[in-house]
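Since we're looking at a predicted model, the values are computed, not measured. Naming: A, B, ... by sequence-line order, numbering from 1 per chain.
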Number of protein chains: 2
Amino acid sequence: MSEMSATSVDRTPTRIALVEAALRLFGRKGYDAASTREIAAEAGANIAAIAYHFGGKEGLRRACVEAIGDRLSAIVGPPLPAPVGRAEARVLLERVVRAAAMFLSTAAPARDMVAFLLREVSEGGPELDRIFATVVEPRHRHLCALWGAATGTPPESEATRLAVFAMVGQVLYFRIGQPVVLRRMGWQTISPDAAGRIGDLLVRNLHAALAAGERTTP
Amino acid sequence: MSEMSATSVDRTPTRIALVEAALRLFGRKGYDAASTREIAAEAGANIAAIAYHFGGKEGLRRACVEAIGDRLSAIVGPPLPAPVGRAEARVLLERVVRAAAMFLSTAAPARDMVAFLLREVSEGGPELDRIFATVVEPRHRHLCALWGAATGTPPESEATRLAVFAMVGQVLYFRIGQPVVLRRMGWQTISPDAAGRIGDLLVRNLHAALAAGERTTP
DNA sequence: GTCTATAAACAGATAGAC
DNA sequence: GTCTATCTGTTTATAGAC
């Protein structure tokens, strides 16, 4: 069968190549602008293979969402770790922000994944429910737990959830807005050095925001 | 003639209606997904009117960028005000952040404009140069001037420019990520009240970031 | 499973009447 | 300026050979 759950995906080489190519092209040009012919060509496969493996273009989009969920799990680990102390939570948050800044600024696949996800979210696409349930909600909840531990505030309070969204927005903008960031900074690319300085800034903002959040509800 | 500079745009009713419809549909579905037939229908005009007024679909995209530039100027005023003192700069920045949070969270046209711009930027579309020159660069430079005045740091230093981008990213995410924000917050819509609380958070983060920026280069 | 060939719908652009 | 009608290319999906 070609319809499988996310827990046991078949490892057909063409299937994998198709998802990879689709992720790249959906991310760069958008779902509608990327044609199935183009995707198949980039994957070194036939157009009919898309219908065979995914039932159609929409199935390929869904497979991309599932692939992103899997990659994210592989990169940042399982969504829910053990609860931690205040100092430890701070260190973990700092580490997440710095790693995200580095990954988002430099890694090429990050561009395509973020662009794809943000477009789907912004448009309210048909995979929004799955995106929220598998990539947004678990990670956000995890960050809220860390934030709550770091500030001593309730992890699921409105203030905490909004604060985490603000932090995420800061990091993500350096990815989606990268073309204008590069122009404004006079850079041709984001060097590892520059990515480090962006990470420094975001960590500084993180500590500042944590301190401000602490003051409001001590 | 139908090719005019941004300073003197002709006010043909159908032309205006077409740009408005295009901005809406480009913003919601993306440039490629929005068909010229659809745009013409929503504008109450004929398909051939697009070719007549804009020379083609690409011309319509360009007209959208120019329209956004004009609207932005009308909303936030001319890009370059007089230099200000430290306390005044703080107040102005606070006002900008709060106004942006309110506008971006609630106003319907904001969604389409931001979605359109961010997609064009992210894709590196053909209008990127114009977008950077007319909407990004002047506003960013203005904010940097305010930031520099508020912290006593050089307005065009790397740290200042990056800090302003981070602040902008925070605000923008509540617009483009709104569907997931709503889900995570358990809201059906962003009420004026909720927008106010988001504004409060962003202003708090602004002050925290300003203080942190001050400490590094006093 | 992978291919070729093709169907059916749709896109953007344009010619020409009014 | 605005319309109808149409041209040309491209899209996704599918039928059927291998």
Notebook entry, point to check: Would you say the side chain of A:Ser35 lies within less than 4.5 Å of the side chain of A:Glu38, judging by non-hydrogen atoms?
Noted result: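 The answer is yes, as the side chains (C-beta and beyond) meet within the 4.5 Å cut-off.
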Notebook entry, point to check: With side chains defined as the heavy atoms from C-beta onward, is the minimum distance between B:Leu162 and A:Met185 less than 4.5 Å?
Noted result: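 They are in contact (side-chain heavy atoms under 4.5 Å apart), so the answer is yes.
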Check: Which letter, B, S or -, goes with each nucleotide of nucleotides 3-18 of chain C from 5' to 3', with contact meaning a protein heavy atom under 4.0 Å?
Finding: BB------BBSB----
Next item on the list: Over 60° means perpendicular and under 30° means parallel, so classify the ring planes of A:Phe116 and A:Phe26, tilted if in between.
Entry: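 Judged by the thresholds at 30° and 60°, the geometry between A:Phe26 and A:Phe116 is parallel.
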Checklist line | Distance-minimising heavy-atom pair for B:Ser122 and A:Arg111 | finding: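 That would be O-NH2, 3.4 Å.
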Item checked: A:Lys57 to A:Ile50 - nearest heavy-atom pair and separation ->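 Looks like N-CG2, 4.3 Å.
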Item checked: Under-4.0 Å side-chain N/O to phosphate OP1/OP2 contact, B:Thr14 with D:dT2 ->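 Indeed, a polar side-chain atom of B:Thr14 lies that close.
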Notebook entry, point to check: Regarding A:Arg184 and B:His140, is there a side-chain donor-to-acceptor distance under 3.5 Å anywhere?
Noted result: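 The criterion, which ignores hydrogens and geometry beyond distance, is satisfied for B:His140 and A:Arg184.
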Note to self: Rounded to whole Å, please give me the gap between CD1 in A:Ile39 and C1' in D:dT10.
What the structure shows: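 It works out to 15 Å between those atoms.
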Notebook entry, point to check: Atom CD1 of A:Ile16 and atom P of C:dT2: how far apart are they, to the nearest Å?
Noted result: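 Rounded to whole Å, this separation is 12 Å.
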Item checked: Which nucleotides of DNA chain D pair, in dot-bracket form (Watson-Crick or G-U under 3.5 Å, | meaning another strand) -> |||||||.||||||||||
Next item on the list: Could you list all the salt bridge (Lys or Arg N to Asp or Glu O under 4.0 Å) pairs where at least one residue sits in residues 160-174 of chain A, not counting sequence neighbours?
Entry: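 Qualifying pairs, neighbours excluded: none.
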Check: Any donor-acceptor pair under 3.5 Å linking the side chain of B:Ser105 with the backbone of B:Met102?
Finding: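 No, because the side chain of B:Ser105 does not come within donor-acceptor range (under 3.5 Å) of the backbone of B:Met102.
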